Asker: 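This is the structure I want to talk about, given as structure tokens.
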Amino acid sequence: MSQTLPATIPASLFEACADSIADTARELSALGWTPATSSNFSMRIDAEHAAITVSGRHKGRLGRDDIMLIDLDGHAVGTEARPSAETALHTQIYRRWPEMRAVLHTHSRTQSVASRLFAGDGVIRLQGWELQKAITGYHTHESTLEIPVFPNTQHMPELVAQIDAWLDAGKPLHAYLIDGHGIYTWGRDMAETQRHLEALEFLLGCELDLKKLRAS
Ligand SMILES: [Zn+2]
């Protein structure tokens, strides 16, 4: 392993997180949600560190060497590897919510099309769907689940600022889309995060189908 760990992080902990990321990435890749080396995944290691996918690797074939350690400022720790270009979006979540332990970012076709279709509104309002209950904190289909759509940019501080502005306005946030790009979601462990991602993929697909059917 080309990764050197600080004395405070047991190898078994890092390896368990790396394996969890690789296993999840393989499943999401098989679904076609991570085309052409896109997407990135991470897990919190402790209060100051996370494990994240190395930039540019195919997400269906990740091994432990494709996962690296970063601090919560997004700097590589104990490795020469380069973290994902969007690392700042992962560390933002870990810094804002100490209880969050996993972040998944994918680029499925459904997520990409929905992000473009709703970019003008800046938000997708999900209402009346039973599967909204798959999102932690939502207990009824009668609730409204808002998924903001932020403009895409290659300049990460701009995206971080837009997300901070949404949160600083006191609005709940469990996931967001980036226009023409993909989705970010997170949770208190990998299983919860994967459940959020699967539910959102399904709900976005339903919204797109409804739009098509109503237009025809
Ligand atoms: Zn991306």
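Ligands are counted one by one from 1 in listed order, and the atoms in each one are counted from 1 as well. Everything numeric here is computed off the predicted structure, so don't read it as measured data.
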Asker: For His139, is there any backbone N or O sitting under 3.5 Å from a side-chain donor or acceptor partner on Lys133?
Answerer: no
Asker: Calculate the angle formed at the Zn ion (ligand 1) by NE2 in His107 and NE2 in His181; 10° precision is enough.
Answerer: 90°
Asker: Under a 4.0 Å threshold between the charged nitrogen and the carboxylate oxygen, would Arg101 count as salt-bridged to Asp189?
Answerer: no
Asker: Taking atom CZ of Arg61 and atom CZ of Arg26, what is their separation to the nearest 0.5 Å?
Answerer: 11.5 Å
Asker: Name of the Glu86 N, O or S atom nearest the Zn ion (ligand 1)?
Answerer: OE2
Asker: What is the name of the N/O/S atom of His105 that is nearest to the Zn ion (ligand 1)?
Answerer: NE2
Asker: Can you tell me if Thr106 uses its side chain to pair, donor with acceptor, with the backbone of Ser108 under 3.5 Å?
Answerer: no
